[in-house]
Amino acid sequence: MSANALTNSHTNVIALVNQKGGVSKTVSSLNIAYALANYYGKKVLLIDFDSQASSTLDLGVDATSEDTKSIDELLDPYVQNIQRRPTWDQIKPYIITPTYTTRERDDRNRMKWVDVSRPYGFDLMPSSINLSVTELRMGIASVNKQIYSGYLNDIIQTINENDPYDFIVIDTPPALGALSVNAIRAATAGC
């Protein structure tokens, strides 16, 4: 990463893509997002674009909870042509700030330990297993046997028009399918 990438005024999109599993895409995504946010002071969004939801789960977010809105719920109506490109008001609820709990000494009573919730320093668009269904629909909805690669890019553009991030990091599945193609397009579109 160049020094320019850390000082640019536009959003830098980083997609970690490899068709093989177990090559540290998720670990790298999490560490890049954490480092950019906490060491460089950048506003960062991590998009878990993998139906295994490893980034989501690693951050302690319950992908199966009824309270968790995952990116497949946002994308699916768009992919199925039920709705047009999602608006900012539709996207906002899908962006969360994950936190972790740590134990610290109580300020008032140094002999007592208390649980303290702390943010990781970056935002997250969670994923769930249902993203695999959305990916299948992306393939079915493709025109002329080509996968439409602009779904994720359209969402990122809407985010940038309303509440831009310095960096967006995308964790992808271990396959070269519709999700990875969309992530690559988003990273090369030059937001």
Side-chain angles (χ1 to χ4, degrees), residues 1-16 21-75 86-131 152 155-156 158-173 183 186-187 191:
M1 182 179 325
S2 69
N4 274 349
L6 296 174
T7 60
N8 277 344
S9 61
H10 76 281
T11 299
N12 294 282
V13 180
I14 303 167
L16 286 92
V23 296
S24 298
K25 289 184 301 296
T26 298
V27 170
S28 296
S29 298
L30 291 166
N31 282 298
I32 290 168
Y34 184 87
L36 288 169
N38 292 286
Y39 295 111
Y40 292 100
K42 299 300 178 181
K43 184 176 178 186
V44 179
L45 172 64
L46 173 62
I47 299 176
D48 189 351
F49 213 49
D50 182 356
S51 60
Q52 294 176 20
S54 295
S55 288
T56 300
L57 296 171
D58 287 353
L59 291 169
V61 176
D62 182 1
T64 62
S65 168
E66 289 181 17
D67 296 333
T68 302
K69 292 184 163 289
S70 62
I71 194 166
D72 60 274
E73 297 170 48
L74 177 65
L75 270 174
T87 65
W88 175 236
D89 287 334
Q90 292 169 322
I91 294 170
K92 271 192 300 191
Y94 293 87
I95 299 173
I96 64 170
T97 303
T99 60
Y100 64 94
T101 302
T102 185
R103 293 187 62 78
E104 296 179 358
R105 294 238 187 232
D106 188 339
D107 288 338
R108 290 185 222 136
N109 179 355
R110 299 300 291 165
M111 298 302 291
K112 184 178 176 187
W113 289 85
V114 292
D115 290 338
V116 178
S117 182
R118 299 254 187 254
Y120 281 100
F122 57 88
D123 292 337
L124 170 71
M125 285 188 88
S127 181
S128 77
I129 187 69
N130 297 327
L131 187 57
L152 184 58
I155 289 170
I156 289 172
T158 302
I159 291 169
N160 285 335
E161 291 164 3
N162 293 278
D163 190 14
Y165 285 84
D166 297 316
F167 286 87
I168 295 177
V169 180
I170 307 168
D171 184 21
T172 62
C191 290

Counterpart residues, side chain to side chain donor-acceptor pair (under 3.5 Å), relative to [X] (two or more places apart):
X	answer
N130	none
T102	none
D62	T64
T87	Q90

Is the closest side-chain heavy-atom distance between [X] and [Y] below 4.5 Å?
X	Y	value
I71	E73	no
I14	I168	no
I95	L45	yes
S29	I170	no
T11	V13	yes

Regarding K42 and the six-membered ring of F167, is the cationic atom NZ or CZ under 6.0 Å from the ring centre and inside 45° of its axis?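 Judged by the rule (NZ or CZ under 6.0 Å from the ring centre, within 45° of its axis), K42 is not positioned above F167.
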
Can you check side-chain hydrogen bond (donor to acceptor under 3.5 Å, both in side chains) on Y165 and D123, steps first, answer last? CA-CA 10 Å; Y165 285 84; D123 292 337; 2.6 Å; yes

I need the [X] [atom1] to [Y] [atom2] distance, nearest 0.5 Å.
X	Y	atom1	atom2	answer
D166	N12	CG	CG	8.0 Å
Y94	I47	OH	CD1	14.0 Å
L30	S24	CG	OG	10.5 Å
L75	L152	CG	CG	7.0 Å
T26	L57	OG1	CG	10.0 Å

Could you report the tightest heavy-atom contact between [X] and [Y], atom names first, then the distance?
X	Y	answer
A37	V44	N-CG2, 3.8 Å
P86	I155	CG-CG1, 4.2 Å
S70	S127	CB-C, 3.6 Å

Filter on salt bridge (Lys or Arg N to Asp or Glu O under 4.0 Å), then keep only pairs touching residues 96-108, sequence neighbours left out; what's left?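 Qualifying pairs, neighbours excluded: R103-D115, E104-R118.
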
Flag, side chain of T172 to backbone of F49, donor-acceptor distance under 3.5 Å: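 It does not hold such a pair.
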
Derivation and outcome, side-chain contact (heavy atoms from CB on, under 4.5 Å), residues I159 and M125: CA-CA 12 Å; I159 291 169; M125 285 188 88; 4.2 Å; yes

Can you list everything that forms a side chain to side chain contact (heavy atoms under 4.5 Å, CB included) with T68? Sequence neighbours excluded, please.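 Per chain and number, T68 pairs via side chain to side chain contact (heavy atoms under 4.5 Å, CB included) with V61, S65, P126.
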
Could you note down all residue pairs passing side chain to side chain donor-acceptor pair (under 3.5 Å) where residues 45-59 supplies at least one of them, sequence neighbours left out?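 Non-adjacent pairs meeting side chain to side chain donor-acceptor pair (under 3.5 Å): D48-T56, S55-D171.
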
For D163, enumerate each residue passing the salt bridge (charged side-chain N to carboxylate O under 4.0 Å, His left out) test, keeping only those at least two apart in sequence or located in another chain.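 Only K43 meet the salt bridge (charged side-chain N to carboxylate O under 4.0 Å, His left out) criterion with D163.
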
Residues in ring pair (Phe, Tyr, Trp, His ring centres under 6.0 Å) with Y120, at least two apart?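 If we apply the ring pair (Phe, Tyr, Trp, His ring centres under 6.0 Å) test to Y120, skipping adjacent residues, the hits are Y100.
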
